[in-house]
Enquirer: 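Below is a structure I'd like to ask you about.
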Amino acid sequence: MLNKIMKRGQRRSLKSEAIEAPIPPSAASSVTVNHASRLASATPQPVSLANIPLNPGTVEVLPTLRDVPMSDRHNLFIRKLQICCFLFDFTDPTKSVREKEIKRQNLAELVDLMQSGSCKMNEVMQEELIKMISVNIFRCLPPAAHENTGSEGGDPEEDEMFMDPSWPHLQLVYDLLLKYVVSSETDTKIAKKYLDHSFVLKLLDLFDSEDMREREYLKTILHRIYGRFMVHRPFIRNAINNIFYRFIFETERYNGIGELLEILGSIINGFALPMKEEHKLFLVRALVPLHKPKCISSYHQQLCYCITQFVEKDYRLADTVIRGVLKYWPVTNCGKEVLFLGELEEILEVTQSAEFQRCMVPLFRQIGRSLTSSHFQVAERALFWWNNEHIVSLIAENRHIVLPIIFDALEKNIRGHWNQAIIGLSSNVRRMFLEMDPELFEECQRQHDDKQARAGEVKEHRELTWKKLEEVASQVTGEESMVVI
């Protein structure tokens, strides 16, 4: 994705020389540029800023950086950043059309300059650059669709995708920030003074944007900041934790959970072994509880990847993860249950026998309930486990525990499930166990028949008891009527 963003909107690199910070400016720092000052000749001469008046508060057309002498480029760069700090109303496309286009052209030139690699900025220029970026991207996000309509929920896949009308400018600003972060010319010792904790927190707040394009840029930029600025790493992880806690236990509404999980998936992949205790706590306290919200389908794929990464890193976490998923098992949400079954299958693929034995009893009690679900997709997804060779090998090693737990569910499906596909799959699994261990299968069959016989006896006894109660009740009613007469 990073390559895609970096390649997007590439333009011809500037062929000008590098911008160098000149001697402290004299008159140049207090002047601006008029459109008329740009000479249209066959062989244009460098334009001096000394003769251009300053009009603060207005958006002026400035010459390009390559059209001015080297000594003026520093001041012109700062002036262009100041012009890019002007904000416009993009809800009305007829407003400030000229000024918007001037700003867009300046932003595009700055992006090209950064892309060319010829931009060597001093500390003042970097400070002004980050200030301009902050003015443009740190803003109040528009209300979400459910806040406008008052509706409590909705399928995010069915909702119309929000497109921020100011994106033509925002995209260029994000491009500029991304190129600044990844540039080899950027001195991290200076940059971390401006890309500080406050900046990172505001960046994380923007992940709640409704515009998917903006969240993709934010994901790439935050990941690059995490990679280049090691001093920020613990803070970023902690800030993401807090977002998850607020989402899980308070709001259950946040647009950027999937993107944050994608970043964490890469971070988890780089964890060193033995794993730190804080990382294990993050798994237990943040990632596992993310199975609780109703909207899990919007980020489950990324969550599943992060969970599986933890188990691959440390196989001893498999029991903790599986029991955690079982804790949040849905009762009435069949779509969510199908997701959980798929996730557990992926976890079991990287689970070793010893950890499987720790959790197999509660696990297959739940699988037994899923096998007999009246929703055929749930039952089908559970039965598909027996198509996985690794899971079948784990079950075969522990068949004396697993088969007695699910035998009744298989028999119930074969005898009475409404869906023919489920009956066929259940018969295949039953046959697999029969071939695996005939003696164990016969013992389970005998216990099942005994249980069914006892259940019949209990039913007859219950019916007999109710008949006796009815007879006693009718006799009492008759005696009461005689007394009344």
Side-chain angles (χ1 to χ4, degrees), residues 1-2 5 129-144 147 156 162 164 166-167 170-171 173-182 186 188 191-271 278-279 281-283 285-287 289-290 292-293 295-296 298-299 302-303 305-306:
M1 181 59 67
L2 175 61
I5 293 177
L129 174 66
I130 298 302
K131 186 185 299 183
M132 183 276 291
I133 290 171
S134 300
V135 167
N136 279 274
I137 66 175
F138 298 146
R139 66 205 190 280
C140 292
L141 297 173
E147 294 176 356
F162 172 76
D164 195 316
S166 62
W167 185 246
L170 280 177
Q171 180 180 6
V173 176
Y174 277 122
D175 260 331
L176 196 56
L177 175 57
L178 178 59
K179 288 174 172 56
Y180 171 72
V181 171
V182 303
T186 300
T188 55
K192 70 181 181 181
K193 294 171 60 176
Y194 308 112
L195 302 179
D196 55 6
H197 287 178
S198 174
F199 185 92
V200 171
L201 277 178
K202 293 176 182 177
L203 208 62
L204 283 166
D205 287 339
L206 292 174
F207 273 85
D208 198 24
S209 170
E210 294 274 320
D211 196 322
M212 186 180 298
R213 301 168 300 178
E214 182 170 14
R215 298 200 304 270
E216 285 294 318
Y217 265 99
L218 288 166
K219 177 184 69 176
T220 306
I221 291 168
L222 184 64
H223 191 194
R224 289 296 188 170
I225 290 175
Y226 185 93
R228 288 204 69 179
F229 300 88
M230 295 186 66
V231 67
H232 289 338
R233 290 183 180 182
F235 179 81
I236 291 174
R237 291 197 302 267
N238 188 56
I240 292 175
N241 281 2
N242 292 334
I243 290 174
F244 286 167
Y245 295 151
R246 187 164 61 249
F247 169 70
I248 296 165
F249 302 110
E250 295 180 13
T251 65
E252 290 199 6
R253 291 191 183 279
Y254 196 84
N255 292 308
I257 296 297
E259 286 78 11
L260 291 175
L261 286 170
E262 284 189 48
I263 297 172
L264 286 170
S266 178
I267 293 172
I268 294 166
N269 192 38
F271 282 166
E278 66 168 295
H279 300 328
L281 289 176
F282 166 69
L283 169 67
R285 295 178 179 178
L287 288 187
L290 278 173
K292 175 178 176 285
C295 58
I296 186 175
S298 64
Y299 59 82
Q302 296 91 333
L303 175 61
Y305 177 77
C306 291

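Excluded from the calculations below are hydrogen atoms, water molecules and symmetry mates; all remaining heavy atoms, backbone and side chain alike, are included.
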Enquirer: So how far is it from Thr251 OG1 to Asp208 CG, rounded to the nearest 0.5 Å?
Expert: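 Going from OG1 on Thr251 over to CG on Asp208, the span is 8.0 Å.
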
Enquirer: Decide yes or no for Ile248 and Leu290: does some side-chain heavy atom of the first lie under 4.5 Å from some side-chain heavy atom of the second?
Expert: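 Heavy-atom side-chain distance check passes, below 4.5 Å.
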
Enquirer: Decide yes or no on side-chain contact (heavy atoms from CB on, under 4.5 Å) for Tyr194 and Ile133, but give the supporting numbers first.
Expert: CA-CA 11 Å; Tyr194 308 112; Ile133 290 171; over 6 Å; no

Enquirer: Any side-chain heavy atom of Leu287 sitting closer than 4.5 Å to one from Leu303?
Expert: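 Of all side-chain heavy-atom pairs linking Leu303 with Leu287, at least one is under 4.5 Å.
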
Enquirer: Less than 4.5 Å apart, side chain to side chain, heavy atoms only: is that true for Leu206 and Tyr174?
Expert: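 Heavy-atom side-chain distance check passes, below 4.5 Å.
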
Enquirer: Contact between Val181 and Thr186 at the side-chain level, heavy atoms closer than 4.5 Å - yes or no?
Expert: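 No, too far: nothing below the 4.5 Å cut-off.
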
Enquirer: With sequence neighbours excluded, what pairs up with Pro293 under the side chain to side chain contact (heavy atoms under 4.5 Å, CB included) test?
Expert: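 Side chain to side chain contact (heavy atoms under 4.5 Å, CB included) check on Pro293 returns Phe247, Glu252, Cys295, Tyr299.
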
Enquirer: Could you tell me if the side chain of Glu214 sits less than 4.5 Å from the side chain of Asn255, heavy atoms only?
Expert: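 They are not in contact (no side-chain heavy atoms under 4.5 Å apart), so the answer is no.
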
Enquirer: Nearest 0.5 Å please: distance from the CD1 atom of Ile267 over to the NE2 atom of His279.
Expert: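 Here the rounded value is 9.5 Å.
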
Enquirer: Does atom CZ of Arg233 have more than 12 heavy-atom neighbours from other groups under 6.0 Å away?
Expert: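 Yes, CZ of Arg233 has more than 12 neighbouring heavy atoms, counting only those of other groups under 6.0 Å.
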
Enquirer: Please list, chain by chain and in numerical order, all residues satisfying ring pair (Phe, Tyr, Trp, His ring centres under 6.0 Å) with Tyr180, sequence neighbours excluded.
Expert: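 Testing Tyr180 for ring pair (Phe, Tyr, Trp, His ring centres under 6.0 Å), a comparison that skips the adjacent residues, returns none.
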
Enquirer: Working to the nearest 0.5 angstrom, can you tell me the gap between Leu141 CG and Asp205 CG?
Expert: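 These two atoms lie 8.5 Å from each other.
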
Enquirer: Tell me, do Leu203 and Ile137 make a side-chain contact under 4.5 Å, heavy atoms counted?
Expert: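 Counting from C-beta outward, Leu203 and Ile137 do come under 4.5 Å.
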
Enquirer: Quick test of your reading: applying ring-ring contact (aromatic ring centres under 6.0 Å, His included), list the pairs with at least one residue in residues 195-215, sequence neighbours left out, ordered by first then second residue.
Expert: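 Those involving residues 195-215 are Phe138-Phe199, His197-His232, His197-Phe235.
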
Enquirer: Between Ser266 (side chain only) and Glu262 (backbone N and O only), is there a donor and an acceptor less than 3.5 Å apart?
Expert: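 No, the answer is negative, given that no donor and acceptor are paired below the 3.5 Å cut-off.
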
Enquirer: Would you list the pairs meeting side chain to side chain donor-acceptor pair (under 3.5 Å) in which at least one residue belongs to residues 235-247, sequence neighbours left out?
Expert: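 Qualifying pairs, neighbours excluded: Tyr226-Arg237.
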
Enquirer: Set out, in order, the CA-CA distance, both residues' side-chain angles and the distance that settles side-chain contact (heavy atoms from CB on, under 4.5 Å) for Leu195 and Arg228, then state yes or no.
Expert: CA-CA 11 Å; Leu195 302 179; Arg228 288 204 69 179; over 6 Å; no

Enquirer: For the atom pair CD1 (Ile236) and CD1 (Ile263), what is the distance rounded to the nearest 0.5 Å?
Expert: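 With rounding to 0.5 Å, CD1 (Ile236) is 8.5 Å from CD1 (Ile263).
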
Enquirer: Residues two or more places apart in sequence or in another chain: which of them pass salt bridge (Lys or Arg N to Asp or Glu O under 4.0 Å) with Lys202?
Expert: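 By the salt bridge (Lys or Arg N to Asp or Glu O under 4.0 Å) rule, Lys202 matches no residue at all.
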
Enquirer: Do the side chains of Pro289 and Phe249 get nearer than 4.5 Å, heavy atoms only?
Expert: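 SC-SC contact between Phe249 and Pro289 confirmed.
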
Enquirer: Atom CD1 of Ile221 and atom NZ of Lys179: how far apart are they, to the nearest 0.5 Å?
Expert: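 Nearest 0.5 Å value for the CD1-NZ distance: 9.5 Å.
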
Enquirer: Going by the rule salt bridge (Lys or Arg N to Asp or Glu O under 4.0 Å), which residues pair with Asp211 if we only count those two or more places apart in sequence or in a different chain?
Expert: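 Partners of Asp211 under the salt bridge (Lys or Arg N to Asp or Glu O under 4.0 Å) test: Arg213.
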
Enquirer: In the structure I gave you, are the side-chain heavy atoms of Glu259 and Leu222 within less than 4.5 Å of one another anywhere?
Expert: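 The answer is no, as the side chains (C-beta and beyond) never meet within the 4.5 Å cut-off.
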
Enquirer: Decide yes or no on side-chain contact (heavy atoms from CB on, under 4.5 Å) for Leu283 and Ile268, but give the supporting numbers first.
Expert: CA-CA 10 Å; Leu283 169 67; Ile268 294 166; over 6 Å; no

Enquirer: Could you tell me the separation between the CD1 atom of Ile225 and the NE2 atom of His223, rounded to the nearest 0.5 Å?
Expert: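 NE2 of His223 is found 11.5 Å from CD1 of Ile225.
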
Enquirer: Using the rule given for side-chain contact (heavy atoms from CB on, under 4.5 Å), can you reason through Leu260 versus Tyr254, listing the C-alpha separation, both sets of side-chain angles and the distance that settles it, and then say yes or no?
Expert: CA-CA 11 Å; Leu260 291 175; Tyr254 196 84; 4.1 Å; yes

